[in-house]
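Below: the structure, in structure tokens.
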Amino acid sequence: MDAVDATMEKLRAQCLSRGASGIQGLARFFRQLDRDGSRSLDADEFGRGLAKLGLVLDQAEAEGVCRRWDRDGSGTLDLEEFLRALRPPMSQAREAVIAAAFAKLDRSGDGVVTVDDLRGVYSGRAHPKVRSGEWTEDEVLRRFLDNFDSSEKDGQVTLAEFQDYYSGVSASMNTDEEFVAMMTSAWQL
């Protein structure tokens with residue numbers, strides 16, 4: 001394990017020791033540190049924030065964590081990037097049930113779930129806003145799909161986006177059995 005991984009493990013352990021609200025509390029804290037509203041922190045802001053939480057990093061460690069988890073190449077650590085990094089890794093059982101749920105939705109088999117795929121699995125006709133005429137059935141399906149889509153809503157959900165969504169859910173569930181049972185029930189697998 002390298003120094004960046006060790007730092008992330010320390011931070012993950014600290015968050016998890018605060019209970020289910022640990023990572024959510026960290027998210028609120030980082031939003032407060034984000035003075036310009038950019039939803040990202042540079043290495044200095046990041047390091048100062050962690051020091052306030054009791055995890056002191058030197059400049060090189062802060063820069064290393066930022067570089068490792070800066071997925072969009074912006075030079076800063078996006079809050080979503082950081083929170084994704086903090087989530088504990090999922091077991092094979094959890095990944096398998098997520099893949100099975102995704103496969104159920106991906107009726108075309110092209111690796112992307114769209115409103116057209118959802119039409120074959122779900123109906124939005126009973127939604128109150130469809131019944132009142134406020135929304136179309138496609139709008140209901142699109143809003144449902146948006147739950148799993150990345151922050152840039154493009155109407156297409158990839159397996160990676162679906163896994164990312166469920167990694168957040170997974171982090172709050174203690175056992176594989178509990179997570180698998182929830183997914184099996186929710187997606188009627």
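This chain uses plain numbering: 1 for the first residue, then up along the sequence.
- Within the 4.5 Å cutoff, the side chain of Thr76 has no heavy atoms near those of the Asp70 side chain.
- For the atom pair CZ (Arg143) and NZ (Lys129), the distance works out to 6.5 Å, reported to the nearest 0.5 Å.
- Across all non-hydrogen atoms, the minimal contact from Ala62 to Phe46 is O-CD2, 4.0 Å.
- Judged purely by atom type and a 3.5 angstrom limit, Lys104 has no side-chain atom pairing as donor or acceptor with the backbone of Val121.
- For Asp116 and Arg107, the salt-bridge test fails: no basic side-chain N is under 4.0 Å from an acidic carboxylate O.
- In this structure a side-chain-to-backbone donor-acceptor pair under 3.5 Å is present from Asp117 to Ser108.
- The distance from atom CD of Glu95 to atom CG of Leu159, rounded to the nearest 0.5 Å, is 9.5 Å.
- With contacts defined as side-chain heavy-atom distances shorter than 4.5 Å, the pair Phe179/Met183 qualifies.
- For Arg131, the CZ atom is loosely surrounded, since the number of other residues' heavy atoms within 6.0 Å does not exceed 12.
- The local environment of CD in Gln59 is crowded, with over 12 non-hydrogen atoms from other residues, nucleotides or ligands closer than 6.0 Å.
- Remark: Tyr122 OH to Glu137 CD distance equals 13.5 Å, nearest 0.5 Å.
- When Ile98, Asp176, Val97 are each tested for a side-chain contact (heavy atoms from CB on, under 4.5 Å) with Met90, only one passes: Ile98.
- Summarising the local packing, CD of Glu134 is surrounded by more than 12 heavy atoms from other residues, nucleotides or ligands at distances under 6.0 Å.
- Side-chain contact between Val130 and Glu139 is absent, with no heavy atoms from C-beta onward closer than 4.5 Å.
- Cys66 approaches Ala43 most closely through the heavy-atom pair SG-CA, 3.7 Å.
- Between Tyr166 and Trp187, the shortest heavy-atom distance links the atoms OH-NE1, 2.9 Å.
- A donor-acceptor pair under 3.5 Å links the side-chain atoms of Arg94 to the main chain of Ser170, judged by distance alone.
- Put simply, CZ on Arg48 and CG on Asp44 are 5.5 Å apart, with the number rounded to the nearest 0.5 Å.
- Taking the six-membered ring where the residue is Trp, Phe148 and Phe162 present tilted rings, their angle falling between 30° and 60°.
- Residues Arg142 and Asp146 are paired through a salt bridge, judged by an N-O separation under 4.0 Å between the basic side chain and the carboxylate.
- Phe102 CZ to Thr158 OG1: the interatomic distance, rounded to the nearest 0.5 Å, is 6.5 Å.
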